[in-house]
Amino acid sequence: RKLAMFLLVASSLLATWTELSANGSWPTPRHGHSAVFCPRRGWMLLFGGNAFDPTNQLFRFDVARSEWAQLKLAGPPSKREGHTATLTADGRMVVFGGYSGKFL
C-alpha cells in the first residue's frame with residue numbers, strides 16, 4: 001500500500017494540491033497523531049498517534065530534502081493518541097493530553 005503526502009499551494013484566488021514524493025523512513029499509517037512545522041529549520045515533526053496501538057514515535061520531515069527520518073530520543077513522552085502539540089518560538093515541540101488506555 002502506497003502512503004501519500006500532499007502539499008497545498010494557495011494564492012488569493014487559487015488553491016492546488018500536489019502529491020509529494022519523499023525518501024527515508026516514512027511513518028506507518030496512523031491516526032490521532034500531532035504534527036507541527038518549524039519554519040526556521042524547514043522541518044515538520046510528527047509525534048505519536050495510533051498505528052494499531054498508541055505510539056510515542058517521533059518523525060521529522062525535512063521539506064528541502066523531501067526526506068523522512070525517525071528520531072531516537074531519550075525520555076520521550078508516554079505512548080498516546082488524540083493529543084495536541086504546539087511549537088514554541090524557540091523551536092521546541094510541546095505535547096499535551098491524549099489517550100493511552102486512560103486519559104492523560
J.: Side-chain contact test, heavy atoms from C-beta onward, threshold under 4.5 Å: evaluate it for Leu58 versus Leu46 and give yes or no.
T.: no
J.: Side-chain polar contacts of residues 96-104 - donor-acceptor pairs under 3.5 angstrom, sequence neighbours left out - could you list them?
T.:
residue	atom	partner	partner atom	Å
Tyr99	OH	Gly101	O	3.3
Ser100	OG	Lys79	O	3.2

J.: Please answer: with hydrophobic residues joined when any side-chain heavy atoms are less than 4.5 Å apart, are Met44 and Val63 in the same cluster?
T.: yes
J.: Is the CZ atom of Phe6 crowded by more than 12 outside heavy atoms at less than 6.0 Å?
T.: yes
J.: I'd like to check Val94 versus Thr88 (side-chain heavy atoms, cut-off strictly below 4.5 Å). Are they in contact?
T.: yes
J.: State plainly whether one hydrophobic cluster holds both Leu87 and Leu73, where clusters connect Ile, Leu, Val, Met, Phe, Trp and Tyr through side-chain heavy atoms under 4.5 angstrom apart.
T.: yes
J.: CG of Leu7 to CD of Glu19: how many Å apart, nearest 0.5 Å?
T.: 11.5 Å
J.: Checking His83 now: which residues fulfil side-chain contact (heavy atoms from CB on, under 4.5 Å) with it, not counting sequence neighbours?
T.: Ser34, Phe47, Arg80, Val95
J.: Below 4.5 Å, heavy atoms only, C-beta onward: do Pro27 and Phe61 meet side chain to side chain?
T.: no
J.: Please verify the inter-ring angle class for Trp68 with Trp26; under 30° counts as parallel, over 60° as perpendicular, anything in between as tilted.
T.: tilted
J.: With Ala10, which residues qualify under side-chain contact (heavy atoms from CB on, under 4.5 Å), at least two apart?
T.: Ala15
J.: Could you work out, with side-chain contact (heavy atoms from CB on, under 4.5 Å) as the rule, every residue matching Leu13, not counting sequence neighbours?
T.: none
J.: Are Val9 and Leu20 linked, directly or through intermediate hydrophobic residues, by side-chain heavy-atom contacts shorter than 4.5 Å (ILVMFWY only)?
T.: yes
J.: Would you call Asn56 and Pro77 a side-chain contact if the rule is heavy atoms closer than 4.5 Å?
T.: no
J.: Can you tell if the side chain of Arg30 reaches within under 4.5 Å of the side chain of Asn50, non-hydrogen atoms only?
T.: no
J.: Listed by chain and number, what are the salt bridge (charged side-chain N to carboxylate O under 4.0 Å, His left out) partners of Arg92, not counting sequence neighbours?
T.: Asp90
J.: Taking only residues two or more places apart in sequence or in another chain, which ones pass side-chain contact (heavy atoms from CB on, under 4.5 Å) with Trp43?
T.: Arg41, Arg60, Asp62
J.: Determine whether a donor-acceptor pair (N or O, by modelled atom type, separation under 3.5 Å) exists between the side chain of Asn23 and the backbone of Glu67.
T.: no
J.: Between Leu45 and Met5, is there shared hydrophobic-cluster membership here, with clusters defined by ILVMFWY side-chain heavy atoms closer than 4.5 Å?
T.: no
J.: Kindly indicate whether the side chain of Glu81, heavy atoms from C-beta on, has any atom under 4.5 Å from the side chain of His33.
T.: no
J.: Once rounded to the nearest 0.5 Å, what's the spacing between atom OG1 of Thr18 and atom CG of Leu8?
T.: 8.5 Å
